[in-house]
Amino acid sequence: MRKPVIAGNWKMHNTISEALDLVRGVKSQVEGVTDVEIIVSPVYTALASVAAELKGSNINVASQNIFWEEKGAFTGEIAPNMITDAGCTHAIIGHSERRQYFGETDETVNKRVKAALAAGLVPILCVGETLQERDAGNTISVVGTQLKGGLVDISAEDMAKIIVAYEPVWAIGTGKTATPDMAEDVHKQIRSIVAEISDAAIADGTRILYGGSVKPENVDELMAQPDIDGALVGGAALKADSFVRLVKFE
Ligand code: PGA
């Protein structure tokens, strides 16, 4: 049984007080939800306050990135143990916006995944193709390369801890969602790639989230797909009511 995950990626939104308002609004409405793993991912400056507000609750906190070194002369970077120190349990890694705007490669994604695991953080490893890549019929090869590249030298034991997020770039923030069938097709193939690089039992237990314009109107049909185990949500996670509706998918 794979426990569904609904994760809110707040991207570069919300000051500390706005973040606290949002998370209080969510917390009060999801009390008692135990069958869904709930995660929020604020900006770095709000992590510690949000994590303190959520201590003892059923909502976990993720960072939107991490660096792979433990400390040192790396101006502007944040180490995994600093993220856990702030109260995080998860780290989003390799989001397409990091790949697109900040030079993230499969190699740096792999370093971050390993550093997250070493610090006891659950990596949420993001993969996904651009529209051009999809139109050229390269979706699976692109996603497969990102997945294998991000998971180089990851043991089966560690693979069992990782969450994968499939986020087609053309569906992120555009209002265009992959149809449930399109998403399911890629999720199924991601699961078989995970089986190839670890084993079938681990692949069977791996949570694969869909991301890209998930909203209250489409969450139910996406979550009804057998290989869609959750959602990584941007825009619709910024309002308490819509995020809570996603957590309470039917
Ligand atoms: P979106 O973003 O839900 O706003 O499309 C998803 C994501 O980038 O994680």
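Note that ligands are numbered from 1 as they come in the structure, with each ligand's atoms numbered from 1 the same way.
Atoms of ligand 1 lying under 4.0 Å from any heavy atom of Asn9, numbered from 1 in the order shown and given with element: 9 (O). In the vicinity of Gly212, heavy-atom distances shorter than 4.0 Å reach the ligand 1 atoms 5 (O). Ligand 1 places these atoms under 4.0 Å from at least one heavy atom of Gly173: 1 (P), 4 (O), 5 (O). Residue Ser213 has at least one heavy-atom neighbour below 4.0 Å for each of these atoms of ligand 1: 1 (P), 3 (O), 5 (O). In summary, the atoms of ligand 1 found under 4.0 Å from a heavy atom of His95, numbered by their order in the structure, are 7 (C), 8 (O), 9 (O).
Some N or O of Glu167 is nearer than 3.5 Å to an N or O of ligand 1, by distance alone. Looking at Gly235 next to ligand 1, an N or O pair under 3.5 Å apart turns up. At a 3.5 angstrom cut-off on N or O pairs, Ala236 does not count as close to ligand 1.
Between Glu37 and Lys3, no side-chain nitrogen of the basic residue sits less than 4.0 Å from a carboxylate oxygen of the acidic one, so the salt-bridge criterion is not met. Using a cutoff of 4.0 Å between basic side-chain nitrogens and carboxylate oxygens, Arg191 and Asp204 are not scored as salt-bridged.
The closest donor-acceptor contact from the side chain of Arg112 to the backbone of Ile66 lies under 3.5 Å. With hydrogens and angles disregarded, a donor-acceptor distance shorter than 3.5 Å links the side chain of Asn58 to the backbone of Val33.
With a heavy-atom cut-off of 4.0 Å, Lys215 does not touch ligand 1 at all. Of all the heavy atoms of Ile172, the ones lying under 4.0 Å from any atom of ligand 1 are found in both the backbone and the side chain.
Distance from atom 6 (C) of ligand 1 to its nearest protein heavy atom, with residue and atom name: Gly234 N, 3.4 Å.
With a 6.0 Å radius and a threshold of 12 heavy atoms from other residues, nucleotides or ligands, Glu18 has its CD atom above the threshold. Residue Glu107 qualifies as open at atom CD: its count of foreign heavy atoms under 6.0 Å is 12 or below.
Between His95 and Ile172, the closest side-chain pair of non-hydrogen atoms falls below 4.5 Å.
Aromatic ring pairs are classed by plane angle as parallel below 30°, tilted from 30° to 60° and perpendicular above 60°; the pair Tyr166 and His187 is perpendicular.
By the 4.0 Å heavy-atom criterion, Ala171 is counted among the residues contacting ligand 1.
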